[in-house]
J.: 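Okay, handing you the structure first.
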Amino acid sequence: MDTTKSREASDLFSEYCDNTTIHGVKYLVEQKRPIIERVFWILVFTASIYSCITLTINIWIKWKNNPVIVSFDDKSTPVWQIPFPAVTICSETKALQTKFNFTEVAIKYRTHQKLSNEERFVLDSLLQVCYADYFEKLKYPSMFGNASEYVKLLFELGPSFDSTFMHCFWRNNEKTCSESFKYFLTEEGICYTFNSPDQSNIYRNESLLNELVFDRNYKEEIQWSLENGYIESDFKSTLFPYRAMGAGAKAGLNLYLLDVKLNNDMLCRNGQQGFKVILHTPGEIPRASKQFFQVPLGQRVLMSIKPKIITTSDNLKHYDPLR
Ligand SMILES: *[C@@H]1O[C@H](CO)[C@@H](O)[C@H](O)[C@H]1NC(C)=O
Ligand SMILES: *[C@@H]1O[C@H](CO)[C@@H](O)[C@H](O)[C@H]1NC(C)=O
Ligand SMILES: *[C@@H]1O[C@H](CO)[C@@H](O)[C@H](O)[C@H]1NC(C)=O
């Protein structure tokens, strides 16, 4: 039984080898071939299969790790098809020294004088936005108190909006600063943002501090999205977020900011004075402690922006985000 089956199988194999078009296989079974030649063909055949598989695996791994090809396709886009960046300004003065003398309280704490409850409370809230290494060295116990109260206090102690923003010019026309800027709470305390949706249009209800949301039902009409751009490409209409219509300093945003040097507490901010300016995409959250420009006091600073647009092909939509 077994022998007939194996015979049949070997017959079938030789028939296949005789007739196949794969090169070399034919010589394996030809009766006249010397054994050495057969061995040679077996080696050649195995070697070619092996290299085929290795090459395929290499390509498979390459595709698996890196399924996307980035190519450069230079195309000019009119500046009015993209929004002007959102501009967030944070003052380095976190508490006016005339309202709360951080340095004085720090000295008091270092010299082991007793701090009043109110001083302790203000200190706790200021340490959220001041560089706290001085107090860390003195092993000041860190506190996690009521966020709403901390923020309310920062509003009270910090420089007011009206005393900071003197003049605002947008595309060479004077604008009311308070209409153009909205407050934005960042890890650096209270900042003000131009050309970005309001906080309550970015965060969820439960992440907002009740005291600071003036009108929860207020929804800004945002006429631009990162995926689809502006709803209208006409450059004449005024859409939000605003767009620049040309290049140069006068086509953008011009600000006159005021900070009183005497108010600035050197210890709180490790000697930094002036303002932090963060440029970001409208709708993005400004990362005030990570990416910023420092604008010093008494100087004029000009920032020019070169936008870079990277678009992703629609075909990539079905890929897993991890890949
Ligand atoms: C704050 O305290 C420091 C140290 O005692 C003092 O030099 C400074 O003048 C005080 N600032 C104000 C505005 O009183
Ligand atoms: C925080 O303080 C506010 C009043 O300032 C109060 O309404 C709120 O309940 C407090 N939150 C917590 C978690 O204690
Ligand atoms: C947020 O709160 C307001 C007022 O409490 C409510 O009208 C609105 O529906 C809430 N939004 C969400 C998304 O829950």
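Keep in mind it's a predicted model, so treat the numbers as computed, not measured. One-based numbering, in listed order, for ligands and for the atoms of each.
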J.: Please list the nearest protein heavy atom to atom 8 (C) of ligand 1 with its residue and the distance rounded to 0.1 Å.
T.: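 Minimum-distance protein heavy atom for atom 8 (C) of ligand 1 reads N101 ND2, 3.8 Å.
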J.: Could you tell me whether F181 and Y192 have their ring centroids closer than 6.0 angstrom?
T.: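 Between Y192 and F181, which both carry aromatic rings, the centre distance is not below 6.0 Å.
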J.: Tell me if the aromatic rings of Y50 and F45 count as close, with their centers under 6.0 Å from one another.
T.: no
J.: Using a 4.0 Å cutoff against the non-hydrogen atoms of E149, which atoms of ligand 2 qualify?
T.: 2 (O), 4 (C), 5 (O)
J.: Do the rings of F194 and F84 sit parallel, tilted or perpendicular, given the 30° and 60° boundaries?
T.: perpendicular
J.: Would you say the side-chain atoms of T164 pair up with the backbone N or O of S160, donor to acceptor, closer than 3.5 Å?
T.: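 Here the side-chain-to-backbone pair exists.
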J.: Does a donor on one side chain and an acceptor on the other come within less than 3.5 Å for S289 and E187?
T.: yes
J.: Looking at atom 11 (N) of ligand 1, would you say a protein heavy atom lies below 4.0 Å from it?
T.: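 Yes, there is a protein heavy atom closer to it than 4.0 Å.
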J.: Between the side chains of H280 and T88, does any donor sit under 3.5 Å from an acceptor?
T.: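 Yes, T88 and H280 have a side-chain donor paired with an acceptor closer than 3.5 Å.
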J.: Distance to 0.1 Å, residue and atom name: give those for the protein heavy atom nearest to atom 4 (C) of ligand 1.
T.: I107 CD1, 4.2 Å
J.: Where is the nearest protein heavy atom to atom 13 (C) of ligand 1: which residue, which atom, and how far?
T.: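 The answer is Q97 OE1, 3.8 Å.
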J.: Which atoms of ligand 2 sit under 4.0 Å from any heavy atom of K152?
T.: 5 (O)
J.: With respect to T98, determine whether any N or O atom, backbone or side chain, lies less than 3.5 Å from an N or O atom of ligand 1.
T.: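 N/O-N/O distance under 3.5 Å: no.
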